[in-house]
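The figures that follow rest on heavy atoms only: side chains count, while hydrogens, waters and symmetry mates do not.
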Amino acid sequence: MSKGNSLVQDVLPVVEGLAADFASQARGIEELSASPRAHLERLAECGYYRFVVEASPGQRRRALDLLSSGCGVTAFLSTQHEGVCRRLHQAGHPSAEAAIKGEQWFGVCFAHLRRTPSPVSAIPGRNQVVFTGCGPWFSGFGLMTGLLVGGATESGRLLMGVTSMEEPEIVPRAMDSLVVMEATATVALDFNALAVPKEDIVVEITPEDFLEKDMHSTVFQAARSLGAARAASRFLEDGLRDAVSEKLEEQHLKMDAWDEKPDWEGSTRLRYEALRLTDMVVGAAYSAVGGKAHLLSHPLQRVAREAHFYSTTQLTKPLRNKVLDNLRQSLSSEEFLGK
């Protein structure tokens, strides 16, 4: 048995158990009376971040599904750190092992690279790269000790480097409160000529390469929605819950097959299917629970908000168009509302 398969065999069942435990504590985290840091530390202790640097995309999606079914805040922050662990590992960076062990915690600030022009510039020098501008999204402020920051060069290349959150050139900027996932401690970051040594630049890609990575990310993010569907299915009767579980595995198998021959059309379709499935399961759970599901204290409220968050964030333009086009087609269909 390969090392990767052994890790999957050992870690995924543990993650499933942790997710159930995280779900019981998710309300406290959402209400800011508890910190998600303890959850991240438990993931590190069980070898989760070593698993993610070696696992296949399908294995990582299944893990994200499980974590998202437990506590969305934990899953969201964990994914930030996971992504940095993988990049540090791939680059052979000396901080990789500390990140994998949970001795250092990293957040990311590079979503703005999808904008043209990027609001953060990267100016290469002889021994360093200087980042200047405002990154509009950084999650984990006060929790993460390190940062993967991205910027665009004058020629259009995209650079990402790791640095300490304690650098005085990094200044947080408060945002309006989020309606969900407020406990992710999301802020904007101003970079006032932040100098990152060249040996700490771990990613250098073209915008075209970055766009292709977005294609794979579109499929990966579908696992968040599937996790929300899994969480909502716990409020259904046994037979229906089992049927949902089978459908979730069917979606994972579709994504596994997509990995063999990735394409934009397929990635958009798979993410859209995950959104639709989750909407149906969450809606059915509300019907099964009845009026008490509308109490703010009911856990289904949190699951529904997280599901909606996954449905409306990190959307590519093709996915947005598909959502809107399907609404147009449904409204004009003779079968809509039993016409």
Side-chain angles (χ1 to χ4, degrees), residues 11-32 34 36 38-40 42-43 48 59-79 82 139 178-184 219-252 255 270-314:
V11 173
L12 279 182
V14 175
V15 171
E16 185 171 13
L18 286 175
D21 196 19
F22 294 167
S24 68
Q25 301 166 27
R27 183 180 176 187
I29 288 177
E30 184 185 41
E31 295 176 346
L32 306 179
H39 288 180
L40 301 180
R42 291 177 69 184
L43 288 169
Y48 181 73
Q59 292 159 351
R60 291 190 294 110
R61 285 192 296 264
R62 284 169 171 79
L64 179 58
D65 171 346
L66 292 172
L67 285 180
S68 299
S69 76
C71 174
V73 170
T74 298
F76 194 79
L77 292 174
S78 179
T79 304
E82 168 189 333
S139 295
L178 299 170
V179 297
V180 65
M181 300 289 222
E182 179 71 2
T184 58
V219 175
F220 182 69
Q221 299 302 333
R224 295 190 189 277
S225 294
L226 298 184
R230 189 180 301 277
S233 73
R234 296 177 185 135
F235 298 95
L236 303 175
E237 61 181 25
D238 291 350
L240 195 51
R241 183 170 61 248
D242 291 343
V244 171
S245 181
E246 291 177 5
K247 188 65 176 179
L248 294 176
E249 179 57 21
E250 179 183 318
Q251 291 301 120
H252 277 293
M255 291 188 286
L270 288 168
R271 178 81 181 277
Y272 182 72
E273 288 177 359
L275 303 186
R276 287 287 301 272
L277 174 60
T278 302
D279 286 345
M280 292 172 61
V281 176
V282 171
Y286 267 87
S287 297
V289 171
K292 63 182 179 181
H294 295 283
L295 295 174
L296 190 59
S297 59
H298 197 281
L300 189 55
Q301 279 287 324
R302 174 184 58 80
V303 172
R305 290 195 299 274
E306 290 176 359
H308 187 64
F309 178 79
Y310 303 146
S311 298
T312 53
T313 57
Q314 296 175 300

Q: Apply side-chain contact (heavy atoms from CB on, under 4.5 Å) to Val15 and Phe22, showing your working.
A: CA-CA 10 Å; Val15 171; Phe22 294 167; over 6 Å; no
Q: List the steps and the verdict of side-chain contact (heavy atoms from CB on, under 4.5 Å) for Gln25 and Thr74.
A: CA-CA 10 Å; Gln25 301 166 27; Thr74 298; over 6 Å; no
(Q) I need the minimum non-hydrogen distance between Thr184 and Phe76, along with the two atoms involved. (A) CG2-CD2, 3.9 Å
Q: Could you grab the distance from atom CD of Gln59 to atom CZ of Arg62, nearest 0.5 Å is fine?
A: 8.0 Å
Q: Just jot down the side chain to side chain contact (heavy atoms under 4.5 Å, CB included) partners of Asp242, sequence neighbours excluded, or say none.
A: none
Q. Which pair of non-hydrogen atoms, one from Gly72 and one from Met181, has the smallest distance, and what is that distance?
A. O-CE, 3.4 Å
(Q) Under a 3.5 Å cutoff, is there a donor and acceptor pairing between the side chains of Gln221 and Arg224? (A) yes
Q: Report yes if some heavy atom in the side chain of Glu250 is under 4.5 Å from a heavy atom in the side chain of Met255; otherwise report no.
A: no
Q. Using 4.0 Å as the upper bound for N to carboxylate O, is an ion pair formed by Glu30 and Arg27?
A. no
(Q) Would Lys247 and Glu273 count as a salt bridge (Lys or Arg N to Asp or Glu O under 4.0 Å) here? Give the steps. (A) CA-CA 11 Å; Lys247 188 65 176 179; Glu273 288 177 359; over 6 Å; no
Q | Atom of Gly70, atom of Ala26 and distance for their closest heavy-atom approach | A | O-CB, 3.9 Å
Q.
Could you measure the distance from the CZ atom of Arg276 to the OG1 atom of Thr278? Nearest 0.5 Å is fine.
A. 11.5 Å
Q | Residues in ring pair (Phe, Tyr, Trp, His ring centres under 6.0 Å) contact with Tyr272, at least two apart in sequence or another chain | A | none
Q: Let me see the working for Leu178 and Phe309 under side-chain contact (heavy atoms from CB on, under 4.5 Å), right down to the final yes or no.
A: CA-CA 10 Å; Leu178 299 170; Phe309 178 79; 5.6 Å; no
Q | Minimum-distance pair of heavy atoms, taken over all atoms of Tyr310 and Leu275 | A | O-CD2, 4.2 Å
Q.
I need the Glu82 CD to Leu43 CG distance, nearest 0.5 Å.
A. 10.0 Å
Q: Look up atom CG in Leu67 and atom OG in Ser78, then write down how far apart they are to the nearest 0.5 Å.
A: 5.5 Å
Extract all donor-acceptor atom pairs below 3.5 Å that involve side chains of residues 283-300 and protein atoms in other chains or at least two apart in sequence.
from: Tyr286; atom 1: OH; to: Gln301; atom 2: NE2; distance (Å): 3.2
from: Ser287; atom 1: OG; to: Gly283; atom 2: O; distance (Å): 3.4
from: His298; atom 1: ND1; to: Leu300; atom 2: N; distance (Å): 3.0

If you look only at distance, which donor and acceptor atoms sit under 3.5 Å apart when one is on a side chain in residues 227-239 and the other is two or more places apart or in another chain?
from: Arg230; atom 1: NE; to: Asp65; atom 2: OD1; distance (Å): 2.8
from: Arg230; atom 1: NH2; to: Asp65; atom 2: OD2; distance (Å): 2.7
from: Ser233; atom 1: OG; to: Arg230; atom 2: O; distance (Å): 2.7
from: Arg234; atom 1: NH1; to: Ser69; atom 2: O; distance (Å): 2.8
from: Arg234; atom 1: NH2; to: Ser69; atom 2: OG; distance (Å): 2.9
from: Asp238; atom 1: OD1; to: Arg241; atom 2: NH1; distance (Å): 3.4
from: Asp238; atom 1: OD1; to: Arg241; atom 2: NH2; distance (Å): 2.4

Q | Single hit among Val281, Leu226, Leu277 for side chain to side chain contact (heavy atoms under 4.5 Å, CB included) with Val244 | A | Val281
(Q) Test of understanding: with side-chain hydrogen bond (donor to acceptor under 3.5 Å, both in side chains), list the residues that count as partners of Arg302, not counting sequence neighbours. (A) Glu306
**Q.** Closest non-hydrogen atom pair, Val179 against Arg305
**A.** O-CD, 4.0 Å
Q.
Within this structure, what is the OG-CG distance for the pair Ser139 and Leu77, rounded to the nearest 0.5 Å?
A. 6.5 Å
**Q.** His308 atom NE2, over 12 foreign heavy atoms within 6.0 Å
**A.** no
Q: Report the C-alpha distance between Arg61 and Val219 in whole Å, list the side-chain angles of each, state the deciding distance to 0.1 Å, and finish with yes or no for side-chain contact (heavy atoms from CB on, under 4.5 Å).
A: CA-CA 9 Å; Arg61 285 192 296 264; Val219 175; 3.9 Å; yes
Q.
Which heavy atom of Ala222 sits nearest to which heavy atom of Leu270, and what is that distance?
A. CB-O, 4.4 Å
**Q.** Counterpart residues, side chain to side chain contact (heavy atoms under 4.5 Å, CB included), relative to Val14 (two or more places apart)
**A.** Leu18, Cys46
